[in-house]
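Encoded as structure tokens, the structure appears first; notes follow it.
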Amino acid sequence: MKAQDAFDANAEVALRLGAWWEANARDLPWRFGRTTPWGVLVSEVMSQQTQMSRVVPYWQSWMERWPDARALADAPKAEVITAWGRLGYPRRALRLQECAQAVAGQYADELPQTYDALTALPGIGDYTASAVLSFAFGRRIAVIDTNIRRVLSRVFVGTESRGGAASAAERALANRVLPKDVKRSVTWNQSVMELGAVVCTAKNPLCDACPIAHDCAFLKAGRPGLGEKRTRPRQRFQGTDRQVRGLVLAALRALPAGTSLERSKVEQLWKDHGQLAACVASLDDDGLIEIAKDGSLSLPQG
DNA sequence: GTCCGGACGC
DNA sequence: GCGTCGGGAC
């Protein structure tokens with residue numbers, strides 16, 4: 001395929017996706033310029049490995065309580081962990097506060113606008129930095145997440161994307177098809193991601209409702225390998241340390257503020273006391289809990 | 001059972 | 001590159 005063909009084909013795809021986005025974009029509260037760059041960053045961190053429908057109420061109360069980085073930077077850790085609630089992966093909450101402290105302290109409460117400065121912040125990796133640059137600052141940069149990888153691979157290559165980290169080929173593809181025009185590039189990132197979230201889903205894509213079905217190499221090829229394992233295998237949950245850690249933390253969040261859970265109560269949370277002890281130790285290592293001399297647990301009071 | 005708008009340590 | 005880190009929805 002000649003380069004000009006690729007550009008033309010993509011221009012048509014971008015146009016259809018853009019129209020679809022205008023008509024179908026979910027009305028999430030951090031979209032359409034209704035929040036600050038910090039608000040966008042918070043939404044992206046909360047969305048890491050978590051569905052948007054679950055994020056929305058958390059984001060709203062979080063931003064009401066801590067509207068900017070400085071406010072979050074000064075909040076008690078225990079309150080931050082409690083407010084994270086059942087979003088999962090609570091280390092994200094601590095990293096988000098560390099990020100807020102860096103932004104407030106090093107950048108005068110204004111998010112930096114370069115990829116290198118953003119990825120240097122705690123909890124901000126390639127995806128989140130790119131998403132903030134594109135969605136909050138309107139910069140032209142290829143955003144690469146699991147949805148975009150899946151959609152681009154299907155549409156332009158005709159195969160399912162593989163698990164693990166994004167390959168060099170996937171990154172090259174994302175950069176190649178990213179519209180040259182800055183504004184179009186932002187809409188492109190958002191609409192491709194949105195399509196992956198609500199139409200071009202992993203297991204059961206709604207090709208009948210897809211605005212670019214006509215342009216899709218994967219559909220043309222008969223959707224080869226659909227439903228096969230493509231993404232990196234996910235961990236089980238039942239019986240894992242993650243479940244036990246979650247139980248311990250949930251018990252501490254449920255306590256009256258400033259109080260602790262005595263050792264005998266802790267031991268009732270899980271019957272494998274070896275695993276329980278290891279999980280308590282790892283929560284302590286992460287800075288998510290504090291262990292008193294008598295073995296009682298509490299959220300960090302610092 | 002599978003998947004979900006990843007980041008990080010090693 | 002691989003293991004770990006929640007919890008919910010379908």
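These values consider heavy atoms only, across backbone and side chains, with no hydrogens, waters or symmetry-generated copies. We name chains A, B, ... by the order of the sequence lines, and we start the count at 1 in each one. As the structure is a prediction and not an experimental result, all values here were calculated from the model.
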What is the distance, rounded to the nearest whole Å, between atom [atom1] of [X] and atom [atom2] of [N]?
X	N	atom1	atom2	value
E160(A)	dT2(B)	CD	P	15 Å
F237(A)	dC10(C)	CZ	P	18 Å
R91(A)	dG6(C)	CZ	C1'	11 Å
L87(A)	dG8(C)	CG	P	10 Å
R92(A)	dG9(B)	CZ	C1'	18 Å
D286(A)	dG9(B)	CG	P	11 Å
L41(A)	dA7(B)	CG	C1'	13 Å
Y89(A)	dG8(C)	OH	P	13 Å

What distance separates [X] [atom1] from [Y] [atom2], expressed to the nearest 0.5 Å?
X	Y	atom1	atom2	result
R171(A)	I144(A)	CZ	CD1	4.0 Å
D145(A)	E44(A)	CG	CD	9.0 Å
I141(A)	F135(A)	CD1	CZ	10.5 Å

Would you tell me if any nitrogen or oxygen in the side chain of R86(A) comes within less than 4.0 Å of OP1 or OP2 on dG8(C)? yes

Under 4.0 Å between a side-chain nitrogen and a carboxylate oxygen: does that hold for E160(A) and R154(A)? yes

Salt-bridge present (D215(A), K220(A); N to O < 4.0 Å): no

Kindly state which residues belonging to residues 113-145 of chain A come within less than 4.0 angstrom of DNA chain C, counting heavy atoms of the residue only, listed by number. none

With the side chain of R242(A) defined as its heavy atoms from C-beta on, choose the nearest nucleotide among dC3(B), dG5(B), dG6(C). dG6(C)

Identify which one of L261(A), L297(A), L299(A) satisfies the side-chain contact (heavy atoms from CB on, under 4.5 Å) criterion when paired with L255(A). L261(A)

On a heavy-atom basis, which atom in R140(A) and which in P179(A) lie closest, and how many Å separate them? NE-O, 2.8 Å

Quick one: closest heavy-atom pair of L41(A) and I124(A), and the distance? CD1-CD1, 3.9 Å

Could you say whether R95(A) or E194(A) is positioned toward the 5' end of DNA chain B, judged by the nucleotide with the nearest heavy atom to each? E194(A)

Quick check on ring pair (Phe, Tyr, Trp, His ring centres under 6.0 Å): which of W59(A), Y58(A), W62(A) does W84(A) satisfy it with? W62(A)

Span that lies between the P atom of dG3(C) and that of dG5(B), in whole angstrom: 23 Å

On a whole-Å scale, what distance lies between the P atoms belonging to dG6(C) and dG9(B)? 15 Å

Which part of the nucleic acid does L28(A) contact within heavy-atom distance under 4.0 Å: base, sugar-phosphate only, or nothing? base

At under 4.0 Å between heavy atoms, what does R236(A) touch on the DNA or RNA strands: base, sugar-phosphate, or nothing? base

Among residues 43-58 of chain A, which residues get a heavy atom nearer than 4.0 Å to DNA chain B? E44(A), S47(A), Q48(A), Q49(A), Q51(A), M52(A)

